[in-house]
Visitor: 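Structure incoming, see below.
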Amino acid sequence: MSICMALSPVCADCMHARSSPTAIRCAGSHRKASVACNLLIFPSPCRFPRRRTNPPGRAQKMSILIQNGYVIPAAKAAHLPRADILVREGRIAAIGVDLLGSPGIGGEGLEIVDASDRLVLPGFVNAHTHSNESFEQGFYDALPLEIWLMHKYPPFALPQLEERAHYLRTMILAIESLRSGVTTVQDDLINQPGDPAAFDGAAAAYRDLGLRASITTSMGDRDMLEPLPWAKDMLDPELHARLATVRARPTADHLALFERNFDKWSGTANDRLRVILGPVGPQWCSDALMQAATEISLARGISVHTHTLESKTHAVQADQIYGKPLVEHLDDIGVLTPNFTLNHAVWLTDPEIALLGERGSCMTHNPLSNLKLGAGIARIPDLLAAGVPIGLGTDGTSTSDRADMFRSLALAAVTHRAGEMDHTRWPTAEDAFAMATTGAARTAMLGDDIGTLEVGKKADIILIDRSDYGLIPLHKPVQQLTYAVNSEAVRTVLVDGVVVMRERELTMIDERAMKNEIREAAEDYLKVHVPRMEEAAKPWDPYWKAFQLRVAHTAVPASSAPVRLPCGCTVAMPHTKTPFACG
Ligand SMILES: [Zn+2]
């Protein structure tokens with residue numbers, strides 16, 4: 001008897017969620033964690049009654065007919081006020097009126113889902129988030145990106161977690177996502193220590209809940225001090241010396257971890273799970289690493305997912321490191337391909353936007369996070385005009401604080417109206433809806449399979465309560481979904497042709513047991529790790545505040561972007577009224 005390291009979160013016999021992870025004995029050797037092992041022997045017999053749920057990672061064989069729904073095939077497509085969708089082998093096999101009884105449709109093995117009181121639409125794709133932030137939802141307030149980073153990711157107090165804690169942390173976000181109508185998550189899983197258990201835990205959570213996920217192997221091979229502007233003359237010498245000891249892991253380590261994650265997980269769970277490349281930001285990555293990631297992405301048809309020009313600090317850093325706008329530098333080194341996605345991209349100049357349009361690179365838009373961190377307002381009207389594919393995201397769950405796509409939808413539509421008085425340039429609800437579906441699918445390079453309801457595409461479908469107060473009376477459903485409805489209206493969700501939430505009940509896990517286990521782990525984290533992290537961050541606060549003010553008073557080429565005056569004024573101005581005096 002060998003030890004099977006595929007830690008199944010549920011008892012294979014009764015499907016009850018296991019509360020304490022232990023190595024599981026089995027009769028065979030199971031090298032792939034995605035293989036559902038039927039030979040698990042528990043230390044003691046499971047005391048829960050047998051439940052009828054779908055074993056993790058296994059697709060239902062049954063066909064499903066979603067009947068008589070109000071079908072919205074895509075953001076800007078004609079709606080079908082009463083139509084059926086036939087789902088077979090995980091894909092959409094037919095869309096039409098009164099399909100039941102048509103040749104080959106009916107009989108045993110066909111599950112009917114009554115959608116007569118439902119809107120039926122493509123599942124949302126969350127283009128950018130970080131599930132590793134889920135134990136700090138709502139914890140931080142009124143901190144700009146750089147100061148918040150020091151608190152959430154303190155270099156001298158990074159928490160070390162067990163694989164099960166990583167699993168539970170991602171599970172919160174995955175469940176919130178599902179309940180918000182998200183069927184695919186692009187999870188930029190920040191993992192500075194390069195711990196394989198972090199990746200395995202996160203991937204297993206998506207596998208078990210039944211979601212589709214593209215998960216990054218996060219990478220950064222530049223030492224912490226390297227890209228910091230003015231560190232030498234502004235930091236206390238002792239703190240400067242301490243920061244100099246924070247060394248990044250070498251390039252080869254990052255690439256090796258990516259290969260390990262890719263081999264183990266990419267294409268597993270019936271191809272629901274993808275492993276993508278996540279250089280965290282050009283300022284934290286050598287050009288060699290950016291280029292290596294680009295090469296791999298082109299060879300394998302996967303995306304490179306990188307924070308770029310999120311805050312003004314990044315624009316200042318680019319000026320100092322490269323002596324030119326960042327996007328121009330990325331183009332110089334060959335990184336700006338259609339496989340490349342810039343996350344946030346708030347501080348862009350006009351030529352950079354034009355360049356993105358020419359190269360076909362994508363961006364993710366995370367309005368709530370940008371507003372909460374005071375990072376600025378992305379130039380969405382200009383990016384739309386340049387034809388840059390835009391995916392809507394929530395960003396991590398400690399800067400947007402909930403993986404709720406409905407909040408993102410509303411903000412993506414309304415935020416860009418401030419400061420733009422030509423209302424014909426305003427993004428509409430349809431634009432926001434497209435960002436949350438086709439646009440986000442494009443950033444994940446999954447546009448051929450998901451993002452719309454079309455015959456042949458994967459059956460990632462959500463059913464929304466048509467009797468929700470926000471949909472009474474039903475007149476312009478996409479606008480109502482954007483402005484008048486929240487996540488509670490999402491009733492039933494299919495991913496890969498499998499019903500993973502039915503009338504708001506999760507079908508793949510025992511949610512109650514899972515929630516109890518999550519709560520225990522999260523409270524433990526709050527007690528054990530957060531005080532240490534906060535303590536470690538504190539000495540740096542005054543210095544980071546000074547950096548922030550100096551950045552605010554520094555002119556960069558994109559200076560005029562976030563505060564766009566109706567007169568077209570491009571005069572560089574300090575981004576605060578608080579004076580900054582060096583030294
Ligand atoms: Zn992010």
Side-chain angles (χ1 to χ4, degrees), residues 125-140 143-154 158 169-170 172-174 176-177 182 184-192 198-199 202 213-220 227 276-285 290 293 303-315 317 326 340-348 361-378 380 390-405 407-408 411-412 415 435-436 439-440 443-444:
V125 179
N126 186 346
H128 180 67
T129 187
H130 308 279
S131 71
N132 58 289
E133 294 177 5
S134 298
F135 283 171
E136 290 108 339
Q137 295 178 102
F139 186 80
Y140 304 100
L143 296 177
L145 176 71
E146 281 70 25
I147 302 180
W148 166 79
L149 277 174
M150 202 66 181
H151 283 253
K152 166 60 190 135
Y153 299 97
L158 286 172
R169 199 158 67 157
T170 294
I172 299 184
L173 176 127
E176 284 178 1
S177 300
V182 171
T184 299
V185 177
Q186 197 154 234
D187 186 356
D188 192 3
L189 189 78
I190 303 297
N191 179 14
Q192 288 114 317
F199 195 95
S214 292
I215 311 168
T216 65
T217 299
S218 72
M219 306 170 169
I276 60 172
L277 297 136
V280 277
Q283 68 279 17
W284 294 304
C285 298
M290 295 300 297
S303 56
V304 182
H305 190 77
T306 298
H307 293 90
T308 310
L309 296 170
E310 176 176 359
S311 68
K312 188 180 176 187
T313 301
H314 297 165
Q317 284 172 323
L326 182 53
F340 188 67
T341 292
L342 300 80
N343 298 312
H344 307 293
V346 173
W347 289 81
L348 293 167
S361 301
C362 312
M363 66 90 73
T364 68
H365 180 38
N366 308 277
L368 181 51
S369 172
N370 295 159
L371 292 169
K372 191 184 180 209
L373 296 173
I377 296 176
I380 297 301
I390 302 172
L392 185 61
T394 59
D395 204 4
T397 32
S398 77
T399 61
S400 65
D401 302 294
R402 198 174 169 94
D404 181 339
M405 282 301 274
R407 299 207 296 200
S408 290
L411 284 170
T415 301
M435 290 177 207
T443 70

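On a predicted model such as this, the values are computed, not experimentally measured, just so you know. One-based numbering, in listed order, for ligands and for the atoms of each.
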Visitor: Closer than 3.5 angstrom, by distance alone: can the side chain of Glu176 be matched with the main-chain N or O of Ala403 as a donor-acceptor pair?
Guide: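 Side chain of Glu176 to backbone of Ala403: a pair is present.
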Visitor: Whether the Asp401 and Thr399 side chains hold a donor-acceptor pair (N or O, under 3.5 Å, no angle test) is what I'd like checked.
Guide: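 Side-chain D/A pair, Asp401 to Thr399: absent.
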Visitor: Using modelled atom types only, decide if a donor and an acceptor are shared between the side chain of Ser177 and the backbone of Val182 within a distance under 3.5 Å.
Guide: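 Not a single qualifying donor-acceptor pair exists.
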Visitor: Report the residues that fulfil side chain to side chain contact (heavy atoms under 4.5 Å, CB included) with Ala436, sequence neighbours left out, ordered by chain and then residue number.
Guide: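 With sequence neighbours excluded, Ala436 shows a side chain to side chain contact (heavy atoms under 4.5 Å, CB included) to Phe124, Leu392, Met405, Leu409, given in chain and number order.
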Visitor: Pro227: which residues meet the side chain to side chain contact (heavy atoms under 4.5 Å, CB included) condition with it, sequence neighbours left out?
Guide: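 Scan of Pro227 (side chain to side chain contact (heavy atoms under 4.5 Å, CB included), adjacent residues dropped) gives Gln283, Trp284, Gln317, Ile321.
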Visitor: Which N, O or S atoms belonging to the protein are less than 2.8 Å from the Zn ion (ligand 1)?
Guide: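 Checking every protein N, O and S atom gives His128 NE2, His130 NE2, His307 NE2, Asp395 OD1.
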Visitor: Which residues pass the side-chain hydrogen bond (donor to acceptor under 3.5 Å, both in side chains) test with Asn126, sequence neighbours left out?
Guide: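 Residues passing side-chain hydrogen bond (donor to acceptor under 3.5 Å, both in side chains) with Asn126: Thr394.
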